[in-house]
Amino acid sequence: KGVCLLNPAKGKLIMPTNSALEFSSAATVVLAHYKGEDDRQDGRKLRGGAVITVFASARRKVRQKYPELDETVGRKLDELAEAERNTPAGDDPAAGAARIFGELLMGIFREGVMRTGAADRFTDEKERKALVEAVGFLGYDLGRWIYLIDAIDDFQADMDNEEWNPFAGMSYDFARARADELLADIELSLDKTAMLIPFVRDSALIANVIRLGLPHVRARILSGAGLEKM
């Protein structure tokens, strides 16, 4: 038990610090910083500036400990912005911007599995490399899934505001059907890749997320119901 900053009057069960939690927190800080940068460039200067300020100290620490992480995220988000500016409507929605966001998460997942020591349990170099590649491809597919589910969720708003969307040029019904097809294929790929990973624990949790959680979210978004509140 320990003191939680959000509720200091009551003791809470708190997870002790560990390499996985530390790296995940670092990745969250980096992504939050660049989301703030993106908001500021898109005209939401007050909100973007506030996010950058809040995470400034944490980001400095992350850049010292995980310089490759910050560099990878920044570079890939620059590529993503360029792709969104220059990709014509009607191109394959699963390519281009979605692929770049997949590569971004692939980089985070690969570095994470090495930084947290998960790969060190293998003495054989080929087994270690196979684990890193498998986890990386999980990140790649998850990144593409996140990008596409967000795009179809924002489809109507983007069309109304004349903003770029990978499904632009399609009718809403056709875009929804295409998104359903693409997302289901990615979920199948995620499940196959996850089966290659030699789990020590939590395999049932990961299976639940991939086989039940993602399809459930897809069904709600495509039906227009939106996400449930946490």
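The figures that follow rest on heavy atoms only: side chains count, while hydrogens, waters and symmetry mates do not. Everything quoted here is computed from the prediction, not taken from an experiment.
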Applying side-chain contact (heavy atoms from CB on, under 4.5 Å) to D38 and L77, what does each step give before you reach the verdict? CA-CA 9 Å; D38 185 59; L77 288 179; over 6 Å; no
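With respect to R63 and E71, no salt bridge is recorded, no charged nitrogen being found less than 4.0 Å from a carboxylate O. Residues R110 and E133 are paired through a salt bridge, judged by an N-O separation under 4.0 Å between the basic side chain and the carboxylate. Residues D180 and R176 are not paired through a salt bridge, judged by the lack of any N-O separation under 4.0 Å between the basic side chain and the carboxylate. Taking the charged nitrogens against the carboxylate oxygens, R178 and D92 do have a contact shorter than 4.0 Å, which makes a salt bridge.
With Y34 as the aromatic partner, R59 meets the cation-pi criteria of under 6.0 angstrom to the ring centre and within 45 degrees of the ring axis.
At distances below 3.5 Å, at least one donor-acceptor pair connects side-chain atoms of N165 with backbone N or O atoms of F167.
Under a hydrophobic clustering in which Ile, Leu, Val, Met, Phe, Trp and Tyr are joined whenever their side-chain heavy atoms come within less than 4.5 Å, directly or via other members, M170 and L183 fall into the same cluster.
With a 4.5 Å cut-off on side-chain heavy atoms, R144 and F101 do not count as touching. Taking the side chain as every heavy atom from C-beta outward, W164 and R85 never approach each other to under 4.5 Å. D150 is not listed as a side-chain neighbour of I221, based on a closest heavy-atom distance of 4.5 Å or more.
Nearest heavy-atom pair across V3 and P8 is CG1-CA, 3.7 Å.
Between E22 and the choices K61, R115, K65, the salt bridge (charged side-chain N to carboxylate O under 4.0 Å, His left out) rule is met once, by K65.
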